[in-house]
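Working notes, structure below.
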Amino acid sequence: MNIPEIVSLLQSRSQNFDVYERRPGKYQLIVPIRHEDGDMVDIYLQESPRGEDYLRICDFGMALMRLSYSYEINSETRENIFNSILINNGVMVDEGNLYMDAKRNILYESILQFAGCSQKVCNMRYWSKERTRTSFYEDLKEYITSELQAYSPEPDKEPISDYDIISVDWSMTCNNRNFYLFGVHNNDKAKSATISLLELQKANLPFMSLVVHEEMEDLGGKERTYLTQNADKQYPTLDDFREQSLRDIPRLS
């Protein structure tokens with residue numbers, strides 16, 4: 001039984017299924033499943049290398065290309081989230097192409113499962129928001145340890161002797177000036193960073209403070225005001241820090 005004949009059987013379960021041969025042996029499946037912006041989920045069918053009892057459902061890299069417009073899988077945490085989505089849905093990836101080798105007798109269910117996986121991948125920036133939030137600190141660490149090595153970064157520094165309650169996320173040095181950096185992802189961390197800055201200033205330590213926000217606009221008004229009054233330089237997002245830090249640190253030293 002060839003792919004068009006199989007799709008005709010699928011149509012008996014859903015009148016909205018259709019298929020078009022885009023290239024020899026590669027068929028685009030038209031299904032009423034859409035992304036949040038209304039675009040149709042990309043699904044293709046082709047013969048599976050596993051044999052005649054299977055068909056390969058794939059997307060020829062369309063989901064990851066779509067995701068790349070607004071989100072990068074550029075850290076270990078984000079990779080873990082991506083791999084978790086695939087594993088939980090029985091989907092594999094090969095050079096960007098998401099695919100699933102499905103048994104022909106459960107093809108309909110497998111198509112729906114694959115489509116759901118594609119939607120989750122395309123919405124990774126929203127998916128499991130608390131988990132993705134944890135990637136902020138890992139992303140910050142990855143950038144500092146890979147791009148700012150020239151400034152001898154040290155994590156979890158305690159600048160005041162015998163006062164280990166006060167610590168900074170990262171300490172760096174440029175032209176003999178100390179830079180103390182705080183990553184801030186919520187109101188509690190903003191309050192903690194403000195207290196640390198006040199104590200460091202009270203101790204008359206010579207330093208420049210840098211604050212990198214996950215999303216500065218998400219902070220409460222008071223937290224944002226107190227932090228702004230005490231921080232030397234703030235970056236509203238991690239992307240802003242990535243774009244400006246290599247220029248700013250030498251300039252501020």
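Hydrogens, waters and symmetry mates play no part in the numbers below; they use all other heavy atoms, side chains included. The structure presented is a predicted model; accordingly, all values stated were derived computationally and were not measured.
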Donor-acceptor under 3.5 Å ([X] side chain, [Y] main chain):
X: Ser110; Y: Ile106; answer: yes
X: Asn230; Y: Tyr226; answer: yes
X: Ser192; Y: Asp188; answer: no
X: Arg224; Y: Leu219; answer: yes
X: Asp59; Y: Leu98; answer: yes

Any side-chain heavy atom of [X] within less than 4.5 Å of one from [Y]?
X: Thr237; Y: Met216; answer: no
X: Leu210; Y: Phe182; answer: no
X: Gln149; Y: Pro153; answer: yes
X: Leu181; Y: Ile144; answer: yes
X: Gln119; Y: Ile33; answer: yes
X: Asp53; Y: Arg104; answer: no
X: Val184; Y: Val212; answer: no
X: Leu197; Y: Leu227; answer: yes

From [X] [atom1] over to [Y] [atom2], what is the distance, rounded to the nearest 0.5 angstrom?
X: Tyr151; Y: Cys174; atom1: OH; atom2: SG; answer: 5.0 Å
X: Thr194; Y: Lys222; atom1: OG1; atom2: NZ; answer: 13.5 Å
X: Ser171; Y: Asp156; atom1: OG; atom2: CG; answer: 11.0 Å
X: Cys58; Y: Asn97; atom1: SG; atom2: CG; answer: 5.0 Å
X: Met124; Y: Cys122; atom1: CE; atom2: SG; answer: 10.5 Å
X: Phe136; Y: Glu214; atom1: CZ; atom2: CD; answer: 6.0 Å

Mind checking what makes ring-ring contact (aromatic ring centres under 6.0 Å, His included) contact with Phe207, not counting sequence neighbours?
-> Tyr180

Would you please name every residue forming a ring-ring contact (aromatic ring centres under 6.0 Å, His included) with Tyr99, sequence neighbours left out?
->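 So Tyr99 forms no ring-ring contact (aromatic ring centres under 6.0 Å, His included) with any residue.
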
If you take all heavy atoms of Ala203 and Ile160, which pair is closest and at what distance?
-> CB-CD1, 4.0 Å

Distance-minimising heavy-atom pair for Gly25 and Gln46 = O-CB, 3.4 Å

Does the pair Tyr108 and Gln113 meet the rule for a side chain to side chain contact (heavy atoms under 4.5 Å, CB included), with working shown?
-> CA-CA 9 Å; Tyr108 180 84; Gln113 185 172 328; over 6 Å; no

Checking side chain to side chain contact (heavy atoms under 4.5 Å, CB included) for the pair Ile43/Phe114: CA distance, chi angles, key distance, verdict?
-> CA-CA 8 Å; Ile43 301 176; Phe114 183 86; 4.2 Å; yes

Salt bridge (charged side-chain N to carboxylate O under 4.0 Å, His left out) involving Asp239 - partner list, sequence neighbours excluded | Arg242

Partner set under salt bridge (charged side-chain N to carboxylate O under 4.0 Å, His left out) for Asp240, not counting sequence neighbours =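 Salt bridge (charged side-chain N to carboxylate O under 4.0 Å, His left out) check on Asp240 returns nothing, list empty.
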
Could you state whether [X] and [Y] fall into the same hydrophobic cluster, counting links through intermediate Ile, Leu, Val, Met, Phe, Trp or Tyr residues with side-chain heavy atoms under 4.5 angstrom apart?
X: Met100; Y: Val31; value: yes
X: Leu112; Y: Leu29; value: yes
X: Val41; Y: Tyr71; value: yes
X: Leu64; Y: Ile85; value: yes
X: Leu67; Y: Met62; value: no

Other residues, nucleotides and ligands only: do more than 12 of their heavy atoms fall within 6.0 Å of [atom1] on [X]?
X: Gln201; atom1: CD; result: yes
X: Glu52; atom1: CD; result: no
X: Met40; atom1: CE; result: yes

Under the salt bridge (charged side-chain N to carboxylate O under 4.0 Å, His left out) rule, what pairs show up with a residue in residues 82-101, not counting sequence neighbours?
-> Arg56-Asp101

Pairs involving residues 168-182, ordered by first then second residue, that meet salt bridge (charged side-chain N to carboxylate O under 4.0 Å, His left out) (sequence neighbours left out) = Asp169-Lys189

Evaluation steps, side chain to side chain contact (heavy atoms under 4.5 Å, CB included), between Trp170 and Lys141 | CA-CA 9 Å; Trp170 291 91; Lys141 175 182 177 180; 3.7 Å; yes

When you check the gap from the basic side-chain N to the acidic O, do Glu21 and Lys26 get nearer than 4.0 Å?
-> no

Between Lys157 and Glu154, is there a side-chain N and carboxylate O pair less than 4.0 Å apart?
-> yes

Checking [X] now: which residues fulfil side chain to side chain donor-acceptor pair (under 3.5 Å) with it, not counting sequence neighbours?
X: Asp39; answer: Arg66
X: Asp232; answer: Ser209
X: Tyr54; answer: Arg50
X: Gln234; answer: His213, Thr228

What do the steps show when you test Glu199 against Lys202 for salt bridge (Lys or Arg N to Asp or Glu O under 4.0 Å), and what is the final call?
-> CA-CA 5 Å; Glu199 291 295 328; Lys202 189 186 300 184; 3.6 Å; yes

Taking distance alone, no hydrogens or angles, what donor-acceptor pairs closer than 3.5 Å link side-chain atoms of residues 245-252 to residues at least two apart or in another chain?
unit_1	atom_1	unit_2	atom_2	d
Ser245	OG	Tyr143	OH	2.7
Ser245	OG	Phe241	O	2.9
Asp248	OD1	Arg251	NH2	3.3
Asp248	OD2	Tyr235	OH	2.8

Sorted by chain and residue number, the side-chain contact (heavy atoms from CB on, under 4.5 Å) partners of Thr173 (sequence neighbours excluded) come out as Asn178

List the steps, then state whether side chain to side chain contact (heavy atoms under 4.5 Å, CB included) holds for Asp218 with Asn186.
-> CA-CA 7 Å; Asp218 288 348; Asn186 61 18; over 6 Å; no

